[in-house]
Participant: 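Mind having a look at this structure? Questions to follow.
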There are 2 protein chains.
Amino acid sequence: MDRQAANCCGARADCSGCEARPLALCGALDPADVMVMSSIAQPRKLAAGRQLFQEGDPADDVFTLTEGMLKLYKLMPDGRRQITGFMVPGDFIGLAYGQNYVYSAEAVTATAACRFKRSALLAKMVEYPELEHRLLSLASNELAAAQAQMLLLGRKSARERLASFLLGIAERRGIAEGEAMPLPMSRGDIADFLGLTIETVSRAFTIMRKERLIALPDKHSVTITDGDALRDAAGD
Amino acid sequence: MDRQAANCCGARADCSGCEARPLALCGALDPADVMVMSSIAQPRKLAAGRQLFQEGDPADDVFTLTEGMLKLYKLMPDGRRQITGFMVPGDFIGLAYGQNYVYSAEAVTATAACRFKRSALLAKMVEYPELEHRLLSLASNELAAAQAQMLLLGRKSARERLASFLLGIAERRGIAEGEAMPLPMSRGDIADFLGLTIETVSRAFTIMRKERLIALPDKHSVTITDGDALRDAAGD
DNA sequence: GGCCGGCATTGACCCACATCAATTTGGATG
DNA sequence: CATCCAAATTGATGTGGGTCAATGCCGGCC
């Protein structure tokens, strides 16, 4: 089973109906100028579990995620894995001025993304500096998130890590206390994001459920039932 | 002793002799245009141990480091600290599109930096898009470094962390095997950067010295004596 | 509806690193 | 040169989370 599902095309994108646009790179442009992006964008779909690219591949393309969720990760030769982020619609992927990708990207759920040739995007950025401006703003947000994650990985306990993780998702997704929140990634992915093992993540979920900080309607959703206590558990 | 040493001035910078320029933001400009930066740059000196700014302060200024070393860090309410990076001449500090700094910055050694009003820099970026381009390139390098650090913090052993740290500095500084490398930060700073305790860092140094991977001429220098073995110890 | 297989949970045990506690070292100061 | 003190090292002991192993759960498939 190595064929990719509904990938293909080479077709040009129709950005007019894109829901991710206001959030994403293209949101930097006047509505009238969005067509300049569609002229260089190639839509691309990816089934859950498939890779968008691998660490070390030549970084000729960059992407804007429009639907679904991707995970970015780095691997060590012995298989240890660190997930550096979960990407959601609007996120830009492939920023990096090196020749090659420095991490791998894999679909968590079925995803859709817009692919751009790096060279084409660079050319458009010369013409439309507001694109570069938006990209810098996306990059600096990512940097702030990366720094928060370093604090989490370097200094927080397992319990604090899980609490911070859940609060972070809820905030990013704008999900209120008492509302069910989708958690599409596996326990293994969460563990590799938080620098823990599957077993430790599972135990932390169980404890927090027993303490009524959260509820677990099923394995792929959480409800924050006591936001104050959860913030307390996050340690900051 | 709360007065700041030789800080002061409000004077305009003379960028013509700036050694950090080729590396830094200003290196993006034609030599003829560098004066546009000096017109908005304010030089600033900082003694070792002094803070440039604190997490939460209004982020009105941004900086380019020209001399010395700064550490950036985040604190938890109970005092746990994670250093997210050590900055060297050429590095840009204060990137972030929020209202407030999201980390603190403190001088490790005596430092010199160029301060810019964020608003003034933003204005110049409109006029000179190559400034924004350079900033994006600096940001994406920092992002790649942050991702490498997440792998280190989430998945590496104490020994691997220290080995990676030393190799990273040697590479950044262009220091060859057998050459003494300055290590201006304290063991405590190294510990807070690597997500370990002082004692564990100290033990790891001792072990690697006894194994002849490194030599420790004094507490603030290291020599990599067996680069291959050290790369091996770094795990990737 | 029953079977299968992958993911998640739970339990028992272990170990790398944290913590607590002395020393030792070395740079600053008079 | 002696004194002081903060930083670093070294040693003894504790523990949070990793490892290994068994069991449970659920969704897909015949």
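Here the structure is a predicted model, which is why all the values come from computation and not from measurement. Throughout, a chain's letter reflects where its sequence line sits, starting with A, and its residues are numbered from 1.
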Participant: Tell me if a side-chain donor or acceptor on B:Asp226 pairs with a main-chain N or O of B:Leu213 at a distance below 3.5 Å.
Facilitator: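 Pair absent, no side-chain N/O of B:Asp226 close to backbone of B:Leu213.
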Participant: To the nearest Å, how far apart are A:Asp189 CG and C:dC7 C1'?
Facilitator: 12 Å
Participant: For A:Lys219 and C:dG5, give me the distance from atom NZ to atom C1', rounded to whole Å.
Facilitator: 14 Å
Participant: Please state how far atom CD1 in A:Ile198 lies from atom P in C:dG6, giving the value in whole angstrom units.
Facilitator: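 Value for this atom pair: 14 Å.
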Participant: Would you mind reading off the distance between B:Asp192 atom CG and D:dA7 atom P, rounded to a whole angstrom?
Facilitator: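 Going from CG in B:Asp192 over to P in D:dA7 covers 13 Å.
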Participant: Should the ring pair B:Phe53 and B:Tyr103 be called parallel, tilted or perpendicular, given that the plane angle runs from 0 to 90° and is split at 30 and 60?
Facilitator: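 Taking B:Tyr103 first and then B:Phe53, their aromatic rings sit tilted (interplane angle of 30° to 60°).
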Participant: Could you encode protein contacts along nucleotides 11-23 of chain C as a string, one character per nucleotide from 5' to 3', using B for base contact, S for sugar-phosphate-only contact and - for no contact, with a heavy-atom cut-off of under 4.0 Å?
Facilitator: BB----SSBB---
Participant: Is there side-chain contact between A:Leu230 and A:Met208, with at least one heavy-atom pair below 4.5 Å?
Facilitator: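 Heavy-atom side-chain distance check passes, below 4.5 Å.
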Participant: Roughly how far, to the nearest 0.5 Å, is OG1 of A:Thr225 from CD of A:Glu177?
Facilitator: 7.0 Å
Participant: Check whether NZ of the Lys or CZ of the Arg B:Arg44 lies under 6.0 Å from the centre of the six-membered ring of B:Phe63 and within 45 degrees of that ring's axis.
Facilitator: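 Not flagged: B:Arg44 not positioned over aromatic ring of B:Phe63.
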Participant: Keeping A:Arg155 on the side-chain end and B:Leu196 on the backbone end, is there a donor-acceptor pair under 3.5 Å?
Facilitator: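 A pair under 3.5 Å: yes.
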Participant: Check the distance between D:dC25's P and A:Phe205's CZ and give it to me in whole angstrom.
Facilitator: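 It works out to 18 Å between those atoms.
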Participant: What's the CZ-C1' distance between B:Arg209 and D:dT9, to the nearest Å?
Facilitator: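 After rounding, the reported distance stands at 10 Å.
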Participant: Nearest whole Å is fine: how far is C:dG27 P from B:Asp218 CG?
Facilitator: 7 Å
Participant: If I take atom CG in residue A:Leu162 and atom C1' in nucleotide D:dG17, what distance separates them, rounded to the nearest angstrom?
Facilitator: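 Rounded to whole Å, this separation is 14 Å.
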